[in-house]
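Beneath this line is the structure, given in structure tokens, with notes to follow.
In this chain, numbering begins with 1 at the start of the sequence shown. All figures in this text were calculated on a predicted structure; none of them were measured in a lab. In each ligand, atom 1 is the first atom listed, and ligand 1 is the first ligand listed.
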Amino acid sequence: MSVSTGTRGETVPTAPPGHPAVDTADVSALLERGRTLSTPVLRAAVDRLAPPMDTVAAYHFGWIDAQGNPADGDGGKAVRPALALLSAEAAGAAPEVGVPGAVAVELVHNFSLLHDDLMDGDEQRRHRDTVWKVHGPAQAILVGDALFALANELLLELGTVEAGRATRRLTTATRKLIDGQAQDISYEHRERVTVEECLEMEGNKTGALLACAVSIGAVLGGADDRTADKLEEYGYHLGLAFQAVDDLLGIWGDPESTGKQTWSDLRQRKKSLPVVAALAAGGPASERLGELLAADAKSSDFDSFSEEEFAFRAALIEEAGGREWTSQEARRQHAVAIGALDEVDMPARVRAQLTALADFVVVRKR
Ligand SMILES: CC(C)=CCC/C(C)=C/CC/C(C)=C/COP(=O)(O)OP(=O)(O)O
């Protein structure tokens, strides 16, 4: 493993050179490769943080438990790092060229999760208590901010023209992610949100960063802007498919698999796609749902609603067709994503692997 020097003079491991290409469209192997190549760089980046932020971040990534003991916790699926490495390969570069991009995108993703959990009051993520619950809101805010700063620091330290272009794409994606979060939160307080508004919000909060994951490795590998833009089209629609599935899991997901609370999106009054589609559908179940949600918005008992009350709302969403519409939307966005790949010249193996990752996104249970 080669070593570079960080800003405070500490050693920062870079990815081991010559990591073999994954030969098959085996999604687990692709995710594992992303994790293997990016984790040492991610850990070294987190080590730069001043105490106690280094420890808080290590807890968030699952490297230690709440007592500070070493742990092998769920650090997330690592979809974005896998995409960033394939992105480098799509541009004809070695996968490790994409590693700084993979880590930078994963840092921004985790910054957003830390802040999102705090804003939503979510108590569980990745099968354990959220950072704000264990370490308090101030640490969740600070560590989130710090991960965002680290992402830009890591890229800019490369000091190349390509890294400057990659940073530009990442900061734009981050701004869109923040736009999307602001839209998402404002929709919680609105009685009606159109399907188009919901898709625009989800494209911002999820599509933009997935798009960036798929272009960042290629940009670091020297791809031109047209190629990067085309790859982003795949990533954006993949992100919309990803978020549609996330919306389904946010209502009907099994907490054992998702690592989150039951009915997490309903508890938060989220205007997610199944809800918005059900409200737009019309018919008795849709109208009943609309009346109930309007009453819930004014209810002072909402926070103490029982499981049965949320189950009833979920059943109405399903009866009104919101679940089926969202599943179809995930498949539709998946098809658009795959179609965008046709416009990029890349090795057949990489195309097959990007296709396999897209397939995984729509069938995932976590
Ligand atoms: C500014 C701000 C607070 C923005 C929040 C934006 C936000 C939380 C968007 C949701 C994105 C998403 C689908 C996360 C789960 O990713 P995943 O399933 O890949 O998570 P994993 O890494 O745990 O697998």
### Task
State, with a plain yes or no, whether a side-chain heavy atom of Leu113 is found less than 4.5 Å away from one of Arg125.
yes
### Summary
Short version for His109: what comes under 4.0 Å of ligand 1, heavy atoms counted, is side chain
### Query
Among protein heavy atoms, which lies nearest atom 9 (C) of ligand 1, and at what distance?
Lys205 O, 3.6 Å
### Message
So if I count the atoms of ligand 1 from 1 in the order they appear, which ones are less than 4.0 Å from some heavy atom of Gly76?
### Response
21 (P), 22 (O), 23 (O), 24 (O)
### Message
Side chain, backbone, both or neither: which applies to Arg80 and ligand 1 if a contact is any heavy-atom pair less than 4.0 Å apart?
### Response
side chain
### atom 13 (C) of ligand 1: nearest protein contact (heavy atom, Å)
Gln243 OE1, 3.3 Å
### Query
Do the side chains of Thr258 and Lys365 get nearer than 4.5 Å, heavy atoms only?
no
### Message
Just to confirm my output: which protein heavy-atom neighbour is closest to atom 11 (C) of ligand 1, and how far is it?
### Response
Thr206 OG1, 3.5 Å
### Task
Answer yes or no: is there a side-chain heavy-atom contact under 4.5 Å between Ile178 and Asn204?
no
### Task
For atom 6 (C) of ligand 1, grab the closest protein heavy atom and report residue, atom and distance to one decimal in Å.
Gln181 OE1, 3.7 Å
### Message
Give me the nearest non-hydrogen protein atom to atom 18 (O) of ligand 1 as residue plus atom name, then the distance to 0.1 Å.
### Response
Lys77 NZ, 2.5 Å
#### Entry: His115 vs Leu118 side-chain heavy atoms within contact, under 4.5 Å
no
#### Entry: atom 3 (C) of ligand 1 - nearest protein heavy atom and its distance
Ser112 O, 3.4 Å
### Query
His115 heavy atoms, cut-off 4.0 Å: which ligand 1 atoms fall inside?
3 (C)
### Task
Run through Lys260, Arg35, Arg366 and flag the one making a salt bridge (Lys or Arg N to Asp or Glu O under 4.0 Å) with Asp74.
Arg366
### Heavy-atom check, side chain of Glu197 versus side chain of Glu200, under 4.5 Å
no
#### Entry: Qualifying residue for salt bridge (Lys or Arg N to Asp or Glu O under 4.0 Å) with Arg267, from Glu188, Glu307, Glu309
Glu307
### Query
Does a side-chain heavy-atom distance below 4.5 Å link His189 with Arg269?
no
### Query
Which of these passes side-chain contact (heavy atoms from CB on, under 4.5 Å) with Arg169: Thr174, Val105, Asp225?
Asp225
### Message
With heavy-atom distances below 4.0 Å as the criterion, list the atoms of ligand 1 near Phe242.
### Response
13 (C), 16 (O), 17 (P), 18 (O), 19 (O)
### From Leu210, Thr258, Asp116 - option closest to atom 8 (C) of ligand 1 by heavy atom
Asp116
### Task
Do me a favour and list the nearest non-hydrogen protein atom to atom 23 (O) of ligand 1 with residue, atom name and distance?
Arg126 NE, 2.9 Å
